Amino acid sequence: MFPFALVSPPGSEAELLARARALAGHSIGAIAERHAVPVADLRRSKGWVGRLLEIALGATASSRGEPDFQLLGIELKTVPVDAKGRPKESTFVCSAPLETMGDLAWAESPAREKLARVLWVPIEADPAIPLTGRRVGMPLLWTPSPDEDQALAQDWDEFAERIRSGHIDRITAHMGQHLQMRPKAASARSVRWGVNEDGAPIRTLPRAFYLRSSFVARILSRGYVIASPATRS
DNA sequence: TTTTGATCATCC
DNA sequence: GGATGATCAAAA
């Protein structure tokens with residue numbers, strides 16, 4: 001495909017936030033058209049909306065293990081929301097380092113690093129609205145509060161303990177009040193190295209961390225509104 | 001093949 | 001309906 005109008009990386013947090021706010025109230029279709037991005041079918045291109053927003057906001061690290069806005073150290077997350085502004089899905093954080101996380105504290109975890117600074121962009125996701133007609137909501141720049149950080153640390157510790165004891169396969173999505181660990185793979189046959197209770201390598205399903213929608217709901221409720229570009233909560 | 005972007009499909 | 005486990009596509 002092709003050269004869409006290139007958006008330069010934002011030079012500051014304020015600039016990024018201003019850009020994101022300017023998108024609020026606009027439709028996905030209008031934004032895609034502005035950047036000449038062909039509209040895809042979400043059933044097949046599940047990450048299409050996220051990639052569109054990366055383009056529209058000038059994110060730099062596509063498919064690389066770095067913050068979306070490297071200079072600013074900010075991660076971009078689009079989140080599908082219902083009419084009330086509640087997330088409809090959990091939010092992917094990062095893949096789980098199965099071989100090392102048994103000895104990894106939350107403070108030094110890749111999950112904590114990813115979540116240190118996040119620009120949340122709600123996206124209207126009512127299935128009754130055609131994809132191109134869905135609007136972008138008011139963005140929110142977030143850093144975990146001490147309470148939130150501690151809560152996430154608790155969940156992390158539970159996972160780390162199961163890994164440490166060699167019980168990776170006893171970790172299910174039922175665990176974790178706010179942070180989940182679930183499969184993340186091309187298929188259920190995908191394989192990744194983990195460790196058993198003796199520290200010996202075992203083959204297991206690749207996992208990743210996700211934030212429960214209830215957790216993200218509380219974040220968004222700090223400032224979310226469906227609004228025209230001029231409106232703020 | 002892995003990482004990043006996520007949502008889908010099915011079971012409770 | 002909501003959550004869990006499974007899956008899809010692009011980029012590197």
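Per chain, numbering begins at 1; letters A, B, ... match sequence-line order. It should be emphasised that the depicted structure is a prediction, and the values quoted were computed from it without experimental measurement.
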**Asked** In chain order, what residues pass the side chain to side chain donor-acceptor pair (under 3.5 Å) check against A/D169, with sequence neighbours excluded?
**Response** A/T204, A/R207
Please set out all donor-acceptor pairs under 3.5 angstrom arising from side-chain atoms of residues 110-120 of chain A, sequence neighbours excluded.
residue	atom	partner	partner atom	Å
A/R112	NE	A/D149	OD1	2.8
A/R112	NE	A/D149	OD2	3.4
A/R112	NH2	A/D149	OD2	3.1
A/R117	NE	A/E13	OE2	2.9
A/R117	NH1	A/T143	OG1	2.7
A/R117	NH2	A/E13	OE1	2.7
A/R117	NH2	A/E13	OE2	3.3

**Message:** For a quick check of understanding: with a heavy-atom distance under 4.0 Å over all strands, which category does A/A40 fall into, base, sugar-phosphate or nothing?
**Reply:** nothing
**Request:** Could you tell me the separation between the CD1 atom of A/I55 and the P atom of B/dA6, rounded to a whole number of Å?
**Result:** 12 Å
**Item:** Pairs flagged by ring-ring contact (aromatic ring centres under 6.0 Å, His included) wherever residues 180-200 of chain A is involved - sequence neighbours left out
**Value:** none
**Request:** Residues of residues 200-212 of chain A with any non-hydrogen atom less than 4.0 angstrom from an atom of DNA chain B: list those, numerically ordered, please.
**Result:** A/Y210
**Request:** Pull out every residue in residues 109-121 of chain A that has a heavy atom closer than 4.0 Å to any atom of DNA chain C, ordered by number, or say none.
**Result:** none
**Message:** Rounded to whole Å, please give me the gap between CD in A/E75 and C1' in B/dA6.
**Reply:** 12 Å
**Message:** For a quick test of reading the model: is some side-chain N or O of A/R43 closer than 4.0 Å to OP1 or OP2 of B/dA9?
**Reply:** yes
**Prompt:** Taking CD from A/E54 and C1' from C/dA9, how many angstroms apart are they, rounded to a whole number?
**Reply:** 13 Å
**Presence of A/T78 side-chain N/O under 4.0 Å of B/dA6 phosphate oxygens OP1/OP2** = yes
**Partners passing side chain to side chain donor-acceptor pair (under 3.5 Å) against A/T132 (at least two apart in sequence or in another chain)** = none
**Request:** Tell me what A/T172 touches on the nucleic acid: a base, only sugar-phosphate, or nothing, going by heavy atoms under 4.0 Å.
**Result:** sugar-phosphate
**Asked** Rounded to the nearest 0.5 Å, how far does CG of A/L205 lie from CZ of A/R192?
**Response** 9.5 Å
**Request:** Applying salt bridge (Lys or Arg N to Asp or Glu O under 4.0 Å), name anything that partners A/E15, two or more places apart in sequence or on another chain.
**Result:** A/R19
**Prompt:** Checking A/W156 side chain against A/L104 main chain: does a donor-acceptor pair fall under 3.5 Å?
**Reply:** yes
**Request:** With sequence neighbours excluded, tell me which residues meet side chain to side chain donor-acceptor pair (under 3.5 Å) with A/R164.
**Result:** none
**Prompt:** Rounded to the nearest 0.5 Å, how far does CZ of A/R51 lie from OG1 of A/T78?
**Reply:** 10.0 Å
**Asked** Roughly, in whole Å, what's the span from CZ in A/R44 to C1' in C/dC8?
**Response** 7 Å
**Request:** Round to the nearest Å and state the distance from A/R192 atom CZ to C/dG5 atom C1'.
**Result:** 16 Å
**Message:** Using a 4.0 Å heavy-atom cut-off, does A/G47 contact any base of the nucleic acid, only the sugar-phosphate backbone, or nothing at all?
**Reply:** base
**Request:** Specify the residues of residues 147-170 of chain A, ordered by number, for which at least one heavy atom lies under 4.0 angstrom from an atom of DNA chain B.
**Result:** none
**Asked** Once you round it to whole Å, what is the distance between P of C/dG5 and CD1 of A/I171?
**Response** 12 Å
**Item:** Sorted by number, the residues of residues 176-184 of chain A with heavy-atom contact under 4.0 Å to DNA chain B
**Value:** A/R182, A/K184
**Residues that A/S190 engages under side chain to side chain donor-acceptor pair (under 3.5 Å), provided they are two or more places apart** = none
**Prompt:** According to the side-chain hydrogen bond (donor to acceptor under 3.5 Å, both in side chains) rule, which pairs have a member within residues 87-105 of chain A, sequence neighbours left out?
**Reply:** A/S90-A/R182
**Message:** I need the CD-P distance between A/E89 and B/dA9, as an integer number of Å.
**Reply:** 11 Å
**Prompt:** Taking CZ from A/F92 and P from C/dT7, how many angstroms apart are they, rounded to a whole number?
**Reply:** 17 Å
